[in-house]
Visitor: 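This is the structure, below, for whatever I ask next.
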Amino acid sequence: MSIELLQWYDQIKRDLPWRTDQNPYKIWLSEIMLQQTQVATVINYYTRFIQIYPTVFHLAAASEDDVFKLWEGLGYYSRARNLLKCAKEVVAKYKGIFPKDRDTLQTLPGIGPYTAGAISSIAFNQKVPAIDGNVLRVISRLHTIDLPINQPKNHSVFHIHVMALMTTRPGDFNQALMELGAMVCTPTSPKCDVCPISMQCKAFQSNRITDFPVKIKSPKKRLIKLAICVILYGEDLLLIKHNEVGLLQGLWGFPRVEIQTGEAPHQVIRMYLEEQMGVDVSVLDEMIGKKHVFTHLIWEPTLYFITINEKIHLAYPEIEWVKLSEVALKALPTAFKKQMPLIEAFMNNQSS
Ligand code: SF4
């Protein structure tokens, strides 16, 4: 089966910028970007990154702000944070040379079993699997495996199956399986009539494709009612750098506070801003914000516009006063960025 799959891959493989050579830095960068992001989107980001940071040494010397800015729009900023940490570690610990083996690669920030397997097999021809969601789906159908693919404890079973199929060219074999999942063995309506392994596929042969892969239902996303504080001083807006560990760490945005059921937002905002920034404020106006869906939670924000009479200057949390036109220069996560047209409309309205 491995031969049919590799022959098919050799014919159809897409011409992607990170496939021009086996440079581990380029493969690592592309793999991190491809997590939860479509190939078409990644191409532009990857090209820009490689232009600005052509080697791991260039990237390791970058600031977090610059990397976040370049990453803007790709989402999942923990990837960008770990990208920089990993580059620094590769330079400091390994003199800029990526380790070859999967286990050592997995000790680096942001590199899990899949990415380690991809780098190790594609860049270094090591015979190890690289199992992503596409591979799990293909293998699940190929062998009619009824274990839920979204339970990591089951992945060792898929690992064994992939290794049993891999005979030669490990990097290409892993990419062929992923490509098959992405282009042919798709989640809905797989194109079995053009599939190079349909003869061996148990789900296809037994007409049970829709039974696989098996998944357990993921828990419901948590809904968060959020107050976003847009603090204004004349034409200046206050931005805050989020220091707390988590989703938005290291990114710029607006002060925000969660509003629990039954709480009065204005009171919560006053207390929050007094405690965090030592300012006594009153809310000028409010506006329903744009909802944002993260992986595990949903923000349902309301924008609260607040003017203050005296500019505050703080070292912690780090803040900055910027003009509306300068907000775009900051690395703002999409959850805040999508509020900007509303903020702009409010400010224009105020000044007219
Ligand atoms: Fe997927 Fe169909 Fe190929 Fe089986 S035959 S691996 S279900 S595309």
Visitor: Can you pull out every salt bridge (charged side-chain N to carboxylate O under 4.0 Å, His left out) where at least one residue sits in residues 170-195? Sequence neighbours excluded, please.
Guide: Arg14-Glu179, Arg19-Glu179, Arg169-Asp172
Visitor: Which heavy-atom pair separates Val138 from Cys185 by the least distance, and what is that distance?
Guide: CG2-CB, 3.8 Å
Visitor: Out of curiosity, does Ile97 fall in the hydrophobic cluster containing Ile122 (side-chain heavy atoms, cut-off under 4.5 Å, transitive links)?
Guide: no
Visitor: Measure the spacing between CZ of Phe173 and CE of Met163 and express it to the nearest 0.5 Å.
Guide: 9.5 Å
Visitor: Between the main-chain N or O of Phe124 and the side-chain N or O of Gln22, is there a donor-acceptor pair closer than 3.5 Å?
Guide: no
Visitor: Drop me the distance from Ile50's CD1 to Trp18's CH2, to the nearest 0.5 angstrom.
Guide: 10.5 Å
Visitor: Distance-only, no hydrogens or angles: does the Gln205 side chain make a donor-acceptor pair with backbone N or O of Ser198 under 3.5 Å?
Guide: yes
Visitor: Does Arg270 use its side chain to pair, donor to acceptor, with the backbone of Val281 at less than 3.5 Å?
Guide: yes
Visitor: Could you tell me if the side chain of Leu105 sits less than 4.5 Å from the side chain of Thr115, heavy atoms only?
Guide: no
Visitor: Any chance you could lay out the side-chain contact (heavy atoms from CB on, under 4.5 Å) test for Tyr53 and Leu29, step after step, and finish with the verdict?
Guide: CA-CA 11 Å; Tyr53 307 120; Leu29 183 61; over 6 Å; no
Visitor: Given the rule in the side-chain contact (heavy atoms from CB on, under 4.5 Å) test, do Tyr304 and Ile228 qualify, once you have shown the distances and angles that lead to the verdict?
Guide: CA-CA 6 Å; Tyr304 291 90; Ile228 292 183; over 6 Å; no
Visitor: Given side chains that start at C-beta, do those of Leu237 and Met347 come closer than 4.5 Å, heavy atoms only?
Guide: yes
Visitor: Indicate yes or no for a side-chain donor-acceptor contact from Lys338 to the backbone of Lys291 under 3.5 Å, with no hydrogens or angles considered.
Guide: yes
Visitor: Is there a chain of hydrophobic side chains (I, L, V, M, F, W, Y, each step under 4.5 Å between heavy atoms) that links Phe212 to Leu165?
Guide: no
Visitor: Taking Thr307 for the side chain and Tyr233 for the main chain, is one N or O donor matched with an acceptor at less than 3.5 Å?
Guide: no
Visitor: Let me check something: do Leu342 and Leu226 share a hydrophobic cluster, defined by ILVMFWY side-chain heavy atoms less than 4.5 Å apart, either directly or through other members?
Guide: yes
Visitor: For Pro170 versus Gln126, what's the shortest heavy-atom pair and its separation?
Guide: CB-O, 3.4 Å
Visitor: What are the two closest non-hydrogen atoms of Leu84 and Ser63, and how far apart are they?
Guide: CD2-C, 3.9 Å
Visitor: So which atom in Ile52 and which in His58 form the shortest heavy-atom distance, rounded to 0.1 Å?
Guide: O-CB, 4.4 Å
Visitor: Compare every heavy atom of Ile32 with every heavy atom of Gly110, then report the nearest pair and how far apart it is.
Guide: O-CD1, 3.7 Å
Visitor: Taking everything shown except Asn348 itself, do over 12 heavy atoms lie less than 6.0 Å from its CG?
Guide: yes
Visitor: Tell me if the aromatic rings of Tyr45 and Trp71 count as close, with their centers under 6.0 Å from one another.
Guide: no
Visitor: Please check if the side chain of Arg141 supplies one atom and the backbone of Ala203 the other of a donor-acceptor pair under 3.5 Å.
Guide: no
Visitor: Does a side chain donor of either Gln36 or Thr295 reach within less than 3.5 Å of an acceptor in the other side chain?
Guide: no
Visitor: Check whether more than 12 heavy atoms from other residues, nucleotides or ligands sit under 6.0 Å from atom CD of Gln350, and answer yes or no.
Guide: yes
Visitor: Rounded to the nearest 0.5 Å, how far apart are CD of Glu64 and CG of Leu83?
Guide: 11.0 Å
Visitor: Would you say Tyr9 ends up clustered with Val128 if hydrophobic residues are merged whenever their side chains have heavy atoms under 4.5 Å apart, either directly or through other cluster members?
Guide: no
Visitor: For Trp28 and Tyr25, take the angle between the two ring planes, folded into 0 to 90°, and tell me which bin it lands in: parallel under 30, tilted 30 to 60, perpendicular over 60.
Guide: tilted
Visitor: Is it true that His292 and Phe336 have ring centroids separated by less than 6.0 Å?
Guide: no
Visitor: Is there side-chain contact between Ile231 and Leu273, with at least one heavy-atom pair below 4.5 Å?
Guide: yes
Visitor: How many angstroms lie between NZ in Lys202 and CZ in Arg208, if you round to the nearest 0.5 Å?
Guide: 9.5 Å
Visitor: Please report the shortest heavy-atom distance between Tyr94 and Leu108, naming the atom on each side.
Guide: CE1-CD2, 4.0 Å
Visitor: Less than 4.0 Å between a side-chain N and a carboxylate O, is that true for Glu320 and Lys330?
Guide: yes
Visitor: Look only at the side chain of Ser120 and the backbone of Gly117, and say whether a donor-acceptor pair between them is shorter than 3.5 Å.
Guide: no
Visitor: Any non-hydrogen side-chain atom of Leu303 less than 4.5 Å from a side-chain atom of Glu286?
Guide: no
Visitor: Is any side-chain heavy atom of Ile259 closer than 4.5 Å to a side-chain heavy atom of Thr302?
Guide: no
Visitor: How about Lys221: does its NZ atom have over 12 heavy atoms from other parts shown lying under 6.0 Å from it?
Guide: yes
Visitor: Go through it in stages, so that I can follow the logic: the residues are Phe49 and Val67, the test is side-chain contact (heavy atoms from CB on, under 4.5 Å), and I'd like the CA-CA distance, side-chain angles, deciding distance and then a yes or no.
Guide: CA-CA 9 Å; Phe49 254 80; Val67 172; 4.2 Å; yes
Visitor: If we only count heavy atoms from C-beta on, is the Asn154 to Ile145 side-chain gap below 4.5 Å?
Guide: no
Visitor: Looking only at side chains, do Ser156 and His159 share a donor and an acceptor under 3.5 Å apart?
Guide: no
Visitor: Above 12 or not: heavy atoms from other molecules or residues under 6.0 Å from NE2 of His296?
Guide: no
Visitor: Determine whether Glu263 and Lys225 satisfy the following criterion, salt bridge (Lys or Arg N to Asp or Glu O under 4.0 Å), listing intermediate values before the conclusion.
Guide: CA-CA 11 Å; Glu263 282 184 334; Lys225 299 266 184 204; over 6 Å; no
Visitor: Under the criterion side-chain contact (heavy atoms from CB on, under 4.5 Å), I'd like the reasoning laid out for Glu300 against Ile224: C-alpha separation, chi angles, the key distance, then a yes or no.
Guide: CA-CA 6 Å; Glu300 223 173 64; Ile224 292 180; over 6 Å; no
Visitor: How far does CH2 of Trp8 sit from CE of Met183, to the nearest 0.5 angstrom?
Guide: 6.0 Å
Visitor: Between Ile240 and Met277, is any pair of side-chain heavy atoms under 4.5 Å apart?
Guide: yes
Visitor: Counting C-beta onward and ignoring hydrogens, is there a side-chain heavy-atom pair between Pro255 and Leu238 closer than 4.5 Å?
Guide: yes
Visitor: Check whether Trp321 reaches the backbone of Ile312 with its side chain - one donor and one acceptor, N or O, closer than 3.5 Å.
Guide: yes
Visitor: To the nearest 0.5 Å, what is the distance between CG on Asn23 and OG1 on Thr55?
Guide: 9.5 Å
Visitor: Surrounding NZ of Lys323 (heavy atoms of other residues, nucleotides or ligands, distance under 6.0 Å), is the total greater than 12?
Guide: yes
Visitor: Say whether Ile197 and Phe204 are linked into one hydrophobic cluster, either directly or through other cluster members, by side-chain heavy-atom distances under 4.5 angstrom.
Guide: no
